Amino acid sequence: MRSEARLRRRQLLLAAGAWTAAGAAGASQFASAAQLLDLELAFAARTFPEAVVALGGMPPVSTQITLELPQVAENGALVPITVSSQLGDTRDILILVDGNPQPVAACFSIPDGTEAYSATRIRLAQSGTVYVVVRTEAGLFSAARAIQVTVGGCG
Amino acid sequence: MSQPIRIRARVRNGTADVTILMPHPMETGLRQDESGNTKPPHFITRVLVTVTGRTVFSARMSFAVSQDPLLNFRLSGVLAGERLRVAWTDNLGEIRVGEALIT
């Protein structure tokens with residue numbers, strides 16, 4: 001289990017290196033953002049910066065994404081979250097939490113015929129920011145909201 | 001063994017509102033029991049939702065999803081009377097399936 005985690009971490013660091021190299025070569029020449037999304041790496045990430053690397057950098061903010069979240073959560077173990085996207089061809093919705101030991105909470109895949117809308121409940125270890133990343137045919141987009149947590153919900 | 005998956009799927013104005021509750025401890029692996037031993041992680045990793053054989057929603061999860069995961073989403077192009085099927089698997093390889101008629 002542990003060696004597997006280490007291996008994943010290594011893959012992540014290799015990917016990070018590749019991404020930096022690509023950036024140096026000229027980011028605009030590089031593959032589209034959609035191709036950079038690596039879910040395995042994102043879920044393997046144990047820190048928020050690692051997860052952002054797996055996304056190929058934090059995607060541009062879109063006002064077409066709605067993220068509903070309480071401003072204050074009394075209980076971090078049970079925080080309701082609702083996400084919807086008005087972006088065309090929304091394929092995946094990712095929920096990330098910057099203050100969690102496991103930054104990627106969930107990824108919802110939306111086939112044709114299903115609305116780009118989803119609600120669930122997540123754990124927040126501490127106050128911080130919740131990010132939503134939406135993958136569409138045109139690439140990745142994001143939205144974010146700060147939240148205050150009274151009692152953390154991971155430990 | 002855990003309680004059955006609870007499913008509600010209702011069509012209103014051509015859209016089915018689906019709510020799924022999956023009883024599961026969603027243990028983070030970070031918590032300790034009374035004697036100070038770390039409880040091993042135990043959480044749902046994947047959920048697949050199908051209607052008459054076609055995938056309408058799927059999810060990957062980590063232990064950052066709350067205990068007894070709740071999912072709510074909306075489907076168009078499904079009809080009352082069709083069968084909605086939910087299957088989850090967790091990090092220990094357990095599998096659970098539930099079904100409900102769309103009303």
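Computed from a predicted structure; not experimentally measured. Order of the sequence lines fixes the chain letters, A, B, ..., with proteins taken first and strands second; residue numbering starts at 1 for each chain.
When heavy atoms are compared at a cutoff of 4.5 Å, A:V97 does not approach chain B at all. Residue B:L48: no heavy atom, backbone or side chain, is found under 4.5 Å from chain A. The contact between A:L78 and chain B is made by backbone and side chain atoms together, counting heavy-atom distances below 4.5 Å. For B:T15, the part lying under 4.5 angstrom from a heavy atom of chain A is the side chain only.
For A:Y117 and B:F73, the distance between ring centers is not under 6.0 angstrom.
Heavy-atom contacts from other residues, nucleotides or ligands closer than 6.0 Å to CZ of B:R6 number 12 or fewer. Surrounding CD of A:E74 are at most 12 heavy atoms belonging to other residues, nucleotides or ligands under 6.0 Å away.
Shortest non-hydrogen contact noted between A:R123 and B:Q67 is NH2-N, 3.7 Å. In this structure, A:N100 and B:A64 approach most closely via the heavy-atom pair ND2-CB, 3.8 Å.
Counting only distance, with no hydrogens or angles, the side chain of A:T114 and the backbone of B:F57 share no donor-acceptor pair below 3.5 Å. One N or O on the side chain of B:S66 and one on the backbone of A:R121 form a donor-acceptor pair closer than 3.5 Å. A donor-acceptor contact shorter than 3.5 Å links the side chain of B:S62 to the backbone of A:V104.
The line from CD1 of A:I110 to CG of B:L75 is 9.5 Å long, rounded to the nearest 0.5 Å. Interatomic distance, B:R74 CZ to A:S84 OG, rounded to the nearest 0.5 Å: 8.0 Å. Distance check, rounded to the nearest 0.5 Å: CG of B:L70 to CD1 of A:I122 gives 12.5 Å.
The closest side-chain heavy-atom distance from B:N72 to A:T120 is not below 4.5 Å.
Judged by the 6.0 Å distance and 45° axis criteria, B:R60 is positioned over the aromatic ring of A:F43.
Each of B:V47 and B:L21 belongs to its own hydrophobic cluster when Ile, Leu, Val, Met, Phe, Trp and Tyr are linked at side-chain heavy-atom distances under 4.5 angstrom.
Note on A:A106, A:S118, A:S109: by heavy-atom pairs under 4.5 Å with chain B, the leading option is A:S109.
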